[in-house]
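What follows is one structure encoded as structure tokens, with my remarks underneath.
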Amino acid sequence: MACLLEAPLRISVLSEVTATSRHYVDRLFDPDPQKVLQGVIDMKNAVIGNNKQKANLIVLGAVPRLLYLLQQGSSSSELRAECAVVLGSLAMGTENNIKSLVDCHIIPALLQGLLCPDLIFIEACLRCLRTVFISPVTPVQLLYTDPTVIPHLMSLLSRSQRTQEYITQIFSHCCKTPEHQTVLFNHGAIQNIAPLLISPSYKVRMQALKCFSVLAYENTQVSMTLVNVLVDEELLSQVFVRMMQRDQPIDMQLTAAKCLTYMCRAGAIRTDDSCIVLKTLPCLVRMCSKERLLEERVEGAETLAYLMEPDVELQRIASVTDHLVAMLADYFKYPSSVSAITDIKRLDHDLKHAHELRQAAFKLYASLGSNDEDIRKKITETENMMDRIVSGLSESSVKVRLAAVRCLHSLSRSVQQLRTSFHDHAVWKPLMKLLQNAPDEVLVMASSTLCNLLLEFSPSKEPILESGVIELLCSLTQSDSPALRVNGIWALMNMAFQADQKVKGEIVRALGTEQLFRLLSDPDSNVLMKTLGLLRNLLSTRPPVPVLLKLLHSLLVELIDQMEHSAAVPSSWHIDQVMSSHGKQIMQAVTLILEGEHSIEVKEQTLCILANIADGNTAKELIMTNDDILQKIKYYMAHSNVKLQLAATFCISNLIWNEEDGEANAMTGSQERQDKLRELGFVDILHKLTQASDPNLCDRAKTAMQQYLA
Amino acid sequence: MAELGAGSLLLGDPAFNYQEAELNERLKRLYPAVNEDETPLPRSWSPKDKYSYIGLSQNNLRVHYKGHGKNHKDAASVRATHPIPAACGIYYFEVKIVSKGLDFLSSLLPLSPIPGWDKHSYGYHGDDGHSFCSSGTGQPYGPTFTTGDVIGCCVNLINNTCFYTKNGISLGVAFTDLPPNLYPTVGLQTPGEIVDANFGQQPFVFDIEDYMSEWRAKIHGMIARFPIGERLGEWQAVLQNMVSTYLVHHGYCATATAFARATETLIQEDQTSIKNRQRIQKLVLAGRVGEAIEATQQLYPGLLEHNPNLLFMLKCRQFVEMVNGTDSEVRCFSIRSPKSQDSYPGSPSLSPRHGATNPNLHSAGADSPTCSNGVTPPNKNKSHNKYPGVSSASSSSSSSPSSVNYSESNSTDSTKSQPHSGTSNQEETRLGENDSEMEIEAEHYTNGVAENPSARIMNGTYKHQEILQAQDISLEDSCASRQLCGGNQAATERMIQFGRELQGLNEQLCREYGKNVTHKKMLQDAFSLLAYSDPWNCPVGQQLDPMQRENICSALNSAILESQNLPKQPPLMLALGQATECVQLMARVRSGSCSFARVDNFLH
């Protein structure tokens with residue numbers, strides 16, 4: 001106390017204002033409780049709306065004293081309530097104020113205060129807690145540290161409209177994770193808050209609604225419970241629909257639409273339910289209109305994008321609702337040229353929201369165009385759309401870049417757009433730039449987009465190849481993120497499809513066989529699938545253009561040590577090369593996959609690779625000497641799945657092929673293989689398959705049989 | 001004509017009637033500001049305004065194409081019976097594509113083979129989803145549509161735009177700057193095309209009421225936020241004055257004084273004058289019209305002499321009250337306390353509130369033609385039969401002239417007054433049913449008066465026992481013993497005599513001022529009461545309702561105020577009346593927002 005009194009004397013530079021503040025603090029220490037009370041009341045009047053005064057009082061140590069008085073059992077209830085009011089007022093100031101208050105352990109003290117029976121005091125504590133908790137600087141976890149707090153808050157909900165408003169506001173700001181949702185749910189948040197939706201107080205209704213939106217977000221348990229809740233004999237979803245009526249305040253419409261959106265996405269409401277199609281979706285589209293505030297437009301667009309993401313029918317409906325596609329183009333016009341000239345304040349406001357608006361629009365475009373070709377066309381035909389995406393890809397804000405690349409990815413699913421607008425606007429250039437240096441989430445979308453740009457019919461494929469993309473993709477396959485590995489290998493697979501031998505060779509060289517085989521044992525089945533696909537594309541020899549094969553040959557010379565032949569190169573030569581160096585590992589991998597618990601598709605891919613291997617001369621021997629593999633092929637020829645039967649038959653067909661290049665030993669090799677296969681009973685199976693109901697399978701079996709006859 | 005025949009046949013069909021009722025109800029709810037006498041709403045396609053290739057069926061709601069459909073020349077359209085009234089504010093109709101040919105067009109407007117292609121015509125075409133605005137080349141607008149789709153068209157007459165809907169989803173604004181007087185229209189051009197219209201016969205797929213609610217909120221917001229700037233203080237003074245004058249007008253003496261004190265305003269009229277008016281009004285409302293006349297003559301000499309019409313009205317009322325047994329001239333004959341005989345029930349529950357009682361009062365007005373019918377010859381015979389029975393004591397010589405006279409005037413009138421009452425009836429109906437705003441206004445004046453007595457009693461400045469000693473005797477009591485003139489013979493004689501005097505007064509007025517149809521009718525109605533054994537339960541029995549005293553009470557009050565050079569209507573009522581009139585004017589000059597700026601929306 002003495003120290004406190006002397007402090008201002010030492011700091012002589014403190015202004016007169018501080019001196020008066022000092023006086024307020026001093027009075028808190030008066031021995032007469034009546035004077036203390038008057039001091040607190042005067043302090044209350046002094047700090048209202050005065051940030052400087054608030055900061056002064058905090059610096060002068062008013063907070064610990066106020067907290068002491070508030071917690072003291074001997075204080076009158078009036079004094080305690082006034083203390084809470086002053087603390088609440090201090091919290092209304094700057095973020096620094098909040099930090100100081102939290103550092104003084106104001107939260108546990110106020111939570112403790114809630115146990116007092118005096119309603120006025122409780123309301124003052126809750127009001128202060130509300131102000132503290134809605135600040136971004138307060139750690140929300142503080143609400144959950146003491147497990148008795150949440151149940152007590154639930155029980156206070158019935159006390160008054162004020163407690164309802166403050167508590168629901170605290171909940172809606174402090175429910176940030178699935179764990180928080182579960183805690184609140186388990187303590188009966190839904191049953192306790194649902195009746196507040198029809199409270200006579202707008203503030204209470206609004207905060208209760210916000211609670212439900214944060215509770216339901218990506219939470220199936222909550223959403224499933226919500227659909228069955230009745231409020232005054234009315235289903236909750238109907239209550240939300242009423243709150244979305246056009247004459248309701250915008251905030252309420254928007255939040256109610258969010259609740260229904262989250263419930264729908266969590267599977268609690270069907271996407272074709274009329275409350276989604278005829279109410280929620282149109283409401284969210286309205287939120288995107290020019291008449292709404294910028295914040296509302298951002299939230300509206302983001303929520304709408306989320307709502308329709310998985311459902312093509314909703315995307316189609318949204319695309320024709322109120323000219324949404326054209327409406328979104330307006331999101332890119334901020335800050336407008338008008339605002340820059342006329343109004344500095346407005347310019348500032350526009351600038352602040354410009355990024356948010358752009359990323360929201362990109363997100364919504366991405367969602368709109370994710371399935372339907374006509375919608376994609378409509379989007380790309382919107383004024384300057386492609387230019388906007390291209391510039392969005394290189395914006396400073398990561399959020400905008402991510403949204404732009406998501407949008408681009410969505411549009412890149414269109415064959416037509418890949419062939420036209422994508423090529424015209426050279427979108428691959430900024431995309432490649434983006435891939436050089438970006439956070440993982442951006443990389444995932446960007447590389448996924450690249451996969452589509454590398455499809456064989458894409459005119460961008462050539463320039464991308466020339467820009468040295470292979471190295472980049474190969475490095476992606478080494479990423480820790482499975483999504484990036486998949487995208488890397490996927491892009492390579494697309495690139496290798498019907499590619500010339502030069503490209504194939506480059507891929508093999510850049511990736512390295514070691515990495516290739518590592519990918520074959522990747523824990524992510526998607527990676528395995530795409531790697532097999534890549535192998536298949538690499539090993540596929542069609543079209544067997546001799547020039548290309550020679551080129552590949554020369555490349556392989558560098559790659560593989562045992563290079564002996566340089567003259568007549570058979571079409572299957574490179575397979576033999578690959579097999580001679582890595583045959584053992586490949587055969588192991590193939591056996592492992594065929595024996596393992598893999599999907600039909602993976603096995604089909606594997607059998608196709610095996611068939612490609614069987615196309616090579618020396619490689620054939622590898623198979624013929626591996627009884628395990630032969631048994632597997634036999635097994636799959638009699639499998640119930642026609643695709644697998646086809647692939648297996650293809651293998652056998654290649655093995656018994658006797659069209660050789662006139663070399664005697666090869667001829668005899670063919671004969672030997674045919675004999676061995678006959679012994680193993682393949683002929684009988686082939687004979688049976690010629691009767692198969694599937695025409696393809698039947699044909700292939702017949703072709704194979706002809707080899708025997710020849 | 002065949003279609004018309006089909007229409008009238010169907011009138012007997014209960015399902016059709018039900019649908020008709022539902023349609024009326026829905027249209028009333030959607031477009032409450034529309035006066036259908038002035039501007040009828042579209043209810044079906046017009047069998048007259050259509051191309052010959054168009055066939056109509058199902059009450060002119062279903063359209064089918066019966067042309068060749070080889071090229072655009074074969075396109076045909078039909079429009080609705082009426083253009084869209086501006087007072088709708090927001091108008092909406094839907095069309096369901098029952099069967100699609102190659103091409104279908106939905107739209108608005110003057111009859112043109114294909115909506116949208118001709119001048120001032122606007123359309124949305126199903127085959128390409130384009131919108132057409134007064135030309136043959138379309139703009140990309142919305143999706144295409146086909147069999148099973150429901151296409152809606154909404155015309156916003158507030159901002160003169162239009163948007164279409166498909167299966168309940170708004171497709172966004174199609175046209176702006178629309179001209180007035182558009183017709184709902186459809187055009188077809190392929191054989192096999194069939195479309196069904198919904199002008200409100202069924203619930204709409206699109207939630208148009210929600211859309212309307214947005215605009216209502218917008219316009220109410222505009223009104224609420226109307227900037228008054230620096231004139232804020234001025235407005236406050238005006239409002240205080242309005243409240244004060246209203247209170248004074250209706251004689252809420254104590255409240256008015258208290259209000260004046262609180263707001264530091266002045267009351268123009270002095271206290272005694274207010275109290276005098278209050279007393280006279282109370283007498284009228286208690287049914288003691290004779291005393292009221294006396295009091296008026298005493299306090300405001302010359303007033304009634306200068307207002308012979310008012311005097312006549314009062315006397316007529318006095319006659320009715322005599323029948324009722326409440327007027328003092330007959331009451332004095334009564335053995336039991338006459339005051340119990342239906343003293344004005346000052347209970348607030350009976351005093352009309354606008355809205356709740358308006359329909360009653362309207363129906364009273366609308367019923368009056370049937371009342372006058374009751375006086376036509378067949379009933380006259382009845383009255384002859386009744387007369388001797390009731391007034392057995394009166395000398396036949398003296399009574400017969402009057403009754404003959406009465407019947408003569410009746411018979412001569414019945415032919416003459418019949419057409420007239422027919423027309424006046426029409427006027428009344430229009431006022432009552434369609435021009436509801438105006439009517440509600442008019443009602444409001446009487447309401448103000450009607451609410452008076454109850455409130456005034458509570459005011460407590462006046463000892464009501466002085467006049468109404470038996471105020472608290474229950475109504476049931478008096479109902480049970482309801483008899484002509486309180487069942488007293490002398491009273492009945494006095495009544496008959498008074499009736500003759502009244503008849504004489506009428507004749508005198510006729511001589512001085514010429515024939516007055518209203519007077520004649522009033523007199524007929526009053527006398528007709530005697531034609532029934534139970535006047536309280538007869539076609540003209542309505543007159544005996546104490547509620548009927550309110551009009552005359554209000555008229556008398558206004559006349560007194562006028563004679564004192566005070567406004568005969570309180571400024572509040574004038575302002576309300578003017579606002580209502582303005583809103584109506586808006587409808588006539590086609591300003592659509594009038595439909596959402598209704599005065600009664602602001603009267604709670």
Side-chain angles (χ1 to χ4, degrees), chain A residues 238 240-254 256-257 272-292 304 308 313-330 368 372-375 377-379 381-383, chain B residues 89-90 92 94 124-126 128-131 139-146 149-152 154 156 158-159 161-176 203-225 595-597 601:
Chain A
Q238 285 314 303
F240 290 151
V241 165
R242 258 195 297 113
M243 289 175 149
M244 284 193 298
Q245 276 172 15
R246 295 178 189 226
D247 52 355
Q248 297 292 327
I250 298 300
D251 200 15
M252 181 168 272
Q253 291 185 39
L254 182 54
D272 60 357
D273 192 299
S274 71
C275 81
I276 297 296
V277 177
L278 293 179
K279 294 291 174 187
T280 311
L281 186 144
C283 173
L284 288 170
V285 172
R286 287 203 300 276
M287 295 302 138
C288 299
S289 92
K290 222 174 172 173
E291 290 167 43
R292 303 276 71 88
L304 182 56
M308 64 189 178
E313 202 42 52
L314 288 181
Q315 289 158 12
R316 288 196 185 116
I317 292 169
S319 75
V320 298
T321 304
D322 284 341
H323 308 299
L324 176 65
V325 174
M327 203 194 280
L328 282 177
D330 190 71
L368 271 172
D372 189 286
E373 186 64 36
D374 288 339
I375 302 176
K377 189 163 172 280
K378 214 167 159 179
I379 293 172
E381 282 168 1
T382 311
E383 50 166 323
Chain B
I90 284 163
Y92 186 71
E94 279 179 351
Y124 165 34
H125 294 200
D128 55 7
H130 284 187
S131 65
Q139 292 281 322
Y141 168 66
T144 57
F145 51 89
T146 184
D149 284 333
V150 175
I151 302 302
C154 177
N156 184 329
I158 301 164
N159 60 9
T161 60
C162 153
F163 69 84
Y164 291 91
T165 67
K166 179 182 170 182
N167 301 325
I169 295 290
S170 159
L171 304 176
V173 170
F175 309 110
T176 56
F204 292 119
V205 180
F206 177 72
D207 192 345
I208 187 65
E209 285 170 67
D210 193 25
Y211 180 74
M212 286 174 161
S213 76
E214 183 182 356
W215 278 89
R216 188 173 300 118
K218 260 185 208 175
I219 286 167
H220 283 195
M222 254 163 72
I223 295 171
R225 286 190 299 273
S595 62
F596 299 124
N601 284 337

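Proteins get letters first, then strands, A, B, ... in listed order; numbering begins at 1 in each.
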Subject >> Closest-packed option against chain B by number of heavy-atom pairs under 4.5 Å, given A/Met327, A/Gln248, A/Lys279 >> reply: A/Lys279

Subject >> Part of A/Glu291 within contact of chain B (heavy atom distance under 4.5 Å) >> reply: side chain

Original post:
Looking at CG of A/Leu278 and OG1 of B/Thr165, how far apart are the two atoms once the value is rounded to the nearest 0.5 Å?
Top reply: 10.0 Å

Original post:
Relative to chain A, which of B/Phe206, B/Trp215, B/Tyr211, B/Phe163 shows the most heavy atom pairs under 4.5 Å?
Top reply: B/Tyr211

Original post:
Side chain, backbone, both or neither: which part of B/Lys166 has a heavy atom under 4.5 Å from chain A?
Top reply: neither

**OP:** State whether the number of non-hydrogen atoms from other residues, nucleotides or ligands found under 6.0 Å of B/Lys218 atom NZ is greater than 12.
**Re:** yes

Subject >> Spatial distance of atom CD1 (B/Ile169) from atom OG1 (A/Thr321) [nearest 0.5 Å] >> reply: 4.5 Å

Original post:
Is the backbone N or O of B/Glu214 less than 3.5 Å from a side-chain atom of A/Asp247, with the two atoms forming a donor-acceptor pair by type?
Top reply: no

**OP:** Could you tell me which of B/Gly221, B/Gly168, B/Pro143, B/Ser213 has the largest number of non-hydrogen atom pairs under 4.5 Å with chain A?
**Re:** B/Ser213

Subject >> Residue, of B/Ser170, B/Ala217, B/Pro140, that accumulates the most heavy atom pairs under 4.5 Å with chain A >> reply: B/Ser170

Subject >> Inter-residue atom distance B/Tyr141.OH - A/His323.NE2, 0.5 Å rounding >> reply: 5.0 Å

Original post:
Roughly how far, to the nearest 0.5 Å, is CE of A/Met244 from CG of B/Asp207?
Top reply: 10.5 Å

